Amino acid sequence: MKSLAVLPAAFAVVLLSGCGADPAPAAAPPPSSPAAVDQALAGSPCGEVAGYQGAKNKVVVRGKTDCAEATQVLKDYFTKLTPAEATSPQGPGPVVVGAWTCGSGPNDPVTSCSTEDERQIEATRS
């Protein structure tokens, strides 16, 4: 009979173990402000770098990249760009600079660089 006395206690433990087991609902992420979305799309200006044949290029970053990295990547790109690549009918590039791939279309004043993790930088000839 001793085992029957334990049965109601075991049943109560099993029954109560389900109480409070549901996790609290996750908090909704804060909505992005329209200004923050516009800023992300517009990018952040980072000054200028010298491009092919010394042309000035305004640098803009988008995503998780800082200005120091962006300007260095573009300086390296323009240094690495050969005259044949720069005057190609298909446009300069693609040229790989570390984790970045840079290039532009024919007669396009914008050079774009991106990474596989979706970081982006641009240089626009002024």
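Residue indices begin at 1 and follow the sequence shown. Computed from heavy atoms alone, side chains included, the values below leave out hydrogens, waters and symmetry copies. As the structure is a computational prediction, the values presented were derived from the model and not from experiment.
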Can you tell me which residue among Pro94, Cys113, Ser112 is in a side-chain contact (heavy atoms from CB on, under 4.5 Å) with Thr101?
Pro94
Thr82 and Glu85 side chains, donor-acceptor separation under 3.5 Å
yes
Has the side chain of Thr65 got a donor or acceptor atom that lies under 3.5 Å from a matching backbone atom of Val61?
no
With a 3.5 Å distance limit and no angle check, can you tell me whether Lys80 reaches the backbone of Val96 through a side-chain donor-acceptor pair?
yes
Go through the steps to decide whether Thr124 and Asn57 satisfy the test side chain to side chain contact (heavy atoms under 4.5 Å, CB included), and finish with yes or no.
CA-CA 5 Å; Thr124 304; Asn57 289 269; 6.0 Å; no
In Å, rounded to the nearest 0.5 Å, how long is the span from SG of Cys46 to CD1 of Ile121?
8.5 Å
Once rounded to the nearest 0.5 Å, what's the spacing between atom CG of Leu74 and atom CH2 of Trp100?
8.5 Å
Taken to the nearest 0.5 Å, the spacing of Gln72 CD from Thr79 OG1 works out to 8.5 Å
After noting the C-alpha distance and the side-chain angles of Lys58 and Glu122, does the key distance pass the salt bridge (charged side-chain N to carboxylate O under 4.0 Å, His left out) rule?
CA-CA 8 Å; Lys58 294 178 183 176; Glu122 291 179 353; over 6 Å; no
Search all heavy atoms of Val110 against all heavy atoms of Ser104 and return the closest pair with its distance.
O-CB, 2.9 Å
Rounded to the nearest 0.5 Å, how far does CD of Glu69 lie from NZ of Lys64?
13.5 Å
Distance-minimising heavy-atom pair for Gln90 and Pro106:
O-CD, 3.4 Å
Are there more than 12 heavy atoms of other residues, nucleotides or ligands under 6.0 Å from atom CG of Asn107?
no
Atom of Pro92, atom of Ala86 and distance for their closest heavy-atom approach:
CG-O, 3.8 Å
Heavy atoms only: give me the nearest Tyr77-Cys102 pair and the separation to one decimal.
CD1-CB, 3.4 Å
Would the distance check show the side chain of Thr115 and the main-chain N or O of Arg119 forming a donor-acceptor pair, the cut-off being under 3.5 Å?
yes
Of all heavy-atom pairs between Val97 and Val73, which one has the smallest distance, and what is that distance?
CG1-O, 4.0 Å
For Phe78 versus Tyr52, what's the shortest heavy-atom pair and its separation?
CD2-N, 3.6 Å
